[in-house]
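All remarks here apply to the structure that follows.
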Number of protein chains: 2
Amino acid sequence: MKTRRAVLDQQILQVEDQFVELWNNMATLWGISPTMARIHGLLYITGAALSMDDIMERLAISRGNVSMNLSKLVEWGLVRRVHKKRDRKEYYESLHDVWEMFTLVAAQRKRRELDPIINTLRRCKEALSPEVLGGRADDDPARERSQRINDLLKFLTLVDSLAQKFFESHRGLREAIALLAQE
Amino acid sequence: MKTRRAVLDQQILQVEDQFVELWNNMATLWGISPTMARIHGLLYITGAALSMDDIMERLAISRGNVSMNLSKLVEWGLVRRVHKKRDRKEYYESLHDVWEMFTLVAAQRKRRELDPIINTLRRCKEALSPEVLGGRADDDPARERSQRINDLLKFLTLVDSLAQKFFESHRGLREAIALLAQE
DNA sequence: TGCACCTTTCGATCGCTATTGAAAATTGTA
DNA sequence: TACAATTTTCAATAGCGATCGAAAGGTGCA
């Protein structure tokens with residue numbers, strides 16, 4: 001007969017699995033790869049520092065794969081390496097704070113995706129400017145396209161500066177956003 | 001010798017291509033597929049109502065592919081079908097307003113991605129509740145995990161209600177956000 | 001210093017989604 | 001109503017990133 005303890009542990013494992021599966025699905029939303037997300041999910045939900053072998057076993061992922069994805073997670077800053085005394089293995093632990101994780105992901109995505117887009121848009125705008133087009137500033141098709149690129153730039157630079165502000169002063173904006181959501 | 005007009009058109013085409021390529025890269029950011037994004041990019045930047053054949057030729061995409069992706073775009077509400085008199089072909093035209101496009105995409109993603117995640121998290125939380133776990137509310141591992149799920153839920157419901165508010169009253173929140181970004 | 005343990009790298013595969021193209025369905029016109 | 005023009009569907013295929021696993025590379029302890 002199973003002990004009460006064992007039954008509870010069983011249930012916890014089940015919830016953890018569900019959670020990892022969920023994280024897997026959230027991957028697209030956060031813009032990271034599914035396996036990376038699953039590993040992070042496991043580390044987040046258990047709250048423990050796990051070794052590569054722990055993760056391999058628990059998620060049935062190969063050693064190489066775990067290694068690669070863990071380094072990415074460390075690179076993103078979502079996971080920290082932890083050394084345990086008297087143990088040569090490395091252990092890995094997730095950040096605990098949800099807002100901090102969100103901020104890190106947002107910062108990465110801004111740098112990797114948003115910034116290059118804004119730069120390219122600026123170059124497009126430049127290419128359609130009267131100077132480059134050779135004086136015919138009133139050329140209709142060019143003007144129209146220039147306008148649309150501008151609309152987009154306005155929107156994206158707004159998003160950009162909102163993000164920037166957020167990274168600079170977590171606290172204030174965080175509360176402002178919470179307030180906006182309420183009312 | 002080429003006319004001035006022809007040279008200008010050439011330059012405009014080049015910028016359009018660059019823009020489509022850019023849209024292609026933005027796809028992950030918006031969470032839509034690259035080809036869908038390219039088609040939408042073309043429709044947005046030209047501002048014109050194009051036929052399937054126009055798009056096929058311009059982007060070198062097969063008929064079936066264009067058809068499928070156009071219906072998705074129509075389904076998302078980013079593109080509208082346009083009928084021209086004396087012409088059996090259908091034409092397709094992008095929305096022009098950047099904020100409106102953003103709202104549409106955000107609404108879709110909330111419904112498809114965020115809502116299911118929040119539901120699953122609630123179920124996870126439920127599964128760890130004292131009632132389900134059978135009275136032992138103070139069980140440590142369960143409590144810890146429950147706490148972490150809760151943190152996440154708080155964060156995601158905040159995002160959710162912010163989005164909700166935004167969909168309800170575009171104008172007010174839009175300005176509030178712009179204000180936040182400024183200062 | 002040498003050895004055992006652990007991690008990383010990387011070429012070979014795999015699996016999945018995107019894409020094609022042709023056949024079927026639909027639509028509008030004479 | 002029949003036919004031609006256009007769109008949609010869908011089975012086959014292609015392409016690409018994810019994954020594996022073994023070999024090479026590090027690292028710390030005796």
Side-chain angles (χ1 to χ4, degrees), chain A residues 20-21 23-43 49-76 79-93 108-109 112-113, chain B residues 20-21 23-43 49-76 78-93 109 112-113:
Chain A
V20 168
E21 181 55 25
W23 223 235
N24 179 62
N25 299 335
M26 273 193 71
T28 40
L29 199 57
W30 294 87
I32 68 181
S33 87
T35 303
M36 194 170 149
R38 291 205 319 142
I39 295 175
H40 179 253
L42 180 65
L43 294 173
L50 303 180
S51 70
M52 266 181 47
D53 295 83
D54 296 334
I55 298 171
M56 283 170 62
E57 195 190 75
R58 191 68 201 286
L59 302 181
I61 295 173
S62 75
R63 188 174 295 284
N65 200 357
V66 171
S67 172
M68 303 255 250
N69 280 295
L70 274 175
S71 6
K72 275 195 228 162
L73 282 168
V74 170
E75 197 183 306
W76 281 65
V79 164
R80 280 198 247 283
R81 272 179 234 277
V82 176
H83 297 280
K84 287 193 183 174
K85 328 242 154 186
R86 318 219 111 268
D87 194 340
R88 281 162 79 157
K89 275 204 191 103
E90 300 226 62
Y91 290 79
Y92 297 86
E93 187 177 52
Q108 299 281 344
R109 299 196 73 185
R112 297 176 187 220
E113 303 178 56
Chain B
V20 168
E21 181 56 24
W23 224 234
N24 180 63
N25 298 335
M26 273 194 71
T28 39
L29 199 57
W30 294 86
I32 67 181
S33 86
T35 304
M36 193 170 149
R38 290 204 321 142
I39 294 174
H40 179 254
L42 181 66
L43 292 173
L50 303 180
S51 70
M52 267 183 43
D53 295 85
D54 295 335
I55 298 171
M56 285 171 60
E57 193 189 74
R58 191 68 201 285
L59 302 181
I61 295 174
S62 75
R63 187 174 296 285
N65 201 355
V66 171
S67 171
M68 303 252 251
N69 279 295
L70 274 174
S71 3
K72 276 196 227 161
L73 282 168
V74 170
E75 198 183 305
W76 281 65
L78 291 169
V79 163
R80 278 198 248 282
R81 271 180 235 275
V82 176
H83 298 278
K84 287 194 182 173
K85 329 243 154 184
R86 317 220 114 267
D87 194 339
R88 280 162 81 157
K89 277 206 190 98
E90 299 227 63
Y91 290 79
Y92 298 85
E93 186 176 54
R109 298 196 74 186
R112 297 176 187 220
E113 302 178 54

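Proteins get letters first, then strands, A, B, ... in listed order; numbering begins at 1 in each.
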Side chain of [X] only, please: which of [options] is the nearest?
X       : options               : result
B/Asp53 : C/dT8, D/dT7, D/dT9   : D/dT7
A/Ile61 : C/dT20, D/dT7, D/dC20 : D/dC20
A/Lys89 : C/dC6, D/dT6, C/dT19  : C/dC6
B/Tyr92 : D/dT8, C/dG21, D/dT19 : D/dT8
A/Ser33 : C/dT7, D/dA18, C/dT19 : D/dA18

Return the value, rounded to whole Å, for the distance between atom [atom1] of [X] and atom [atom2] of [N].
X       : N      : atom1 : atom2 : answer
A/Ile55 : D/dT19 : CD1   : P     : 14 Å
B/Met68 : D/dA11 : CE    : P     : 11 Å
B/Arg81 : D/dT7  : CZ    : P     : 9 Å
B/Lys72 : D/dT9  : NZ    : P     : 12 Å
B/Met56 : D/dT8  : CE    : C1'   : 13 Å
B/His83 : C/dG28 : NE2   : C1'   : 12 Å
B/Met52 : C/dT19 : CE    : C1'   : 14 Å
A/Lys84 : C/dC6  : NZ    : C1'   : 16 Å

Give the table of side-chain donor-acceptor pairs shorter than 3.5 Å for residues 53-62 of chain B, with sequence neighbours excluded, one pair per line with atom names and distance.
residue	atom	partner	partner atom	Å
B/Asp53	OD2	B/Arg63	NH2	3.1
B/Asp54	OD1	B/Ser51	OG	3.4
B/Asp54	OD2	B/Ser51	N	2.9
B/Asp54	OD2	B/Ser51	OG	3.1
B/Arg58	NH1	B/Glu16	OE1	2.8
B/Arg58	NH2	B/Leu13	O	3.3
B/Arg58	NH2	B/Glu16	OE1	3.3
B/Arg58	NH2	B/Asp17	OD1	2.9
B/Ser62	OG	B/Asn65	N	3.4

* Quiz item: A/Arg88 side-chain donor-acceptor pair to D/dT27 base, under 3.5 Å -> yes
Find out whether [X] and [Y] are in side-chain contact, i.e. whether some heavy atom of one side chain is under 4.5 Å from a heavy atom of the other.
X        : Y       : answer
B/Leu42  : B/Trp23 : no
B/Arg109 : A/Leu29 : yes
A/Tyr91  : A/Lys89 : yes

* Quick one: on DNA chain D, does A/Pro34 or A/Arg86 contact a more 5' nucleotide (nearest heavy atom)? -> A/Pro34
* To do: Report yes or no: do B/Arg80 and B/Tyr92 form a side-chain donor-acceptor pair below 3.5 Å?
  => no
* Asked: Mapping A/Asp87 and A/Asn65 onto DNA chain C by nearest heavy atom, which one lands closer to the 5' end?
  -> A/Asp87
* Asked: Any side-chain N or O of B/Thr35 under 4.0 Å from OP1/OP2 of C/dT19?
  ->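 The answer is yes; a side-chain N or O of B/Thr35 sits under 4.0 Å from OP1 or OP2.
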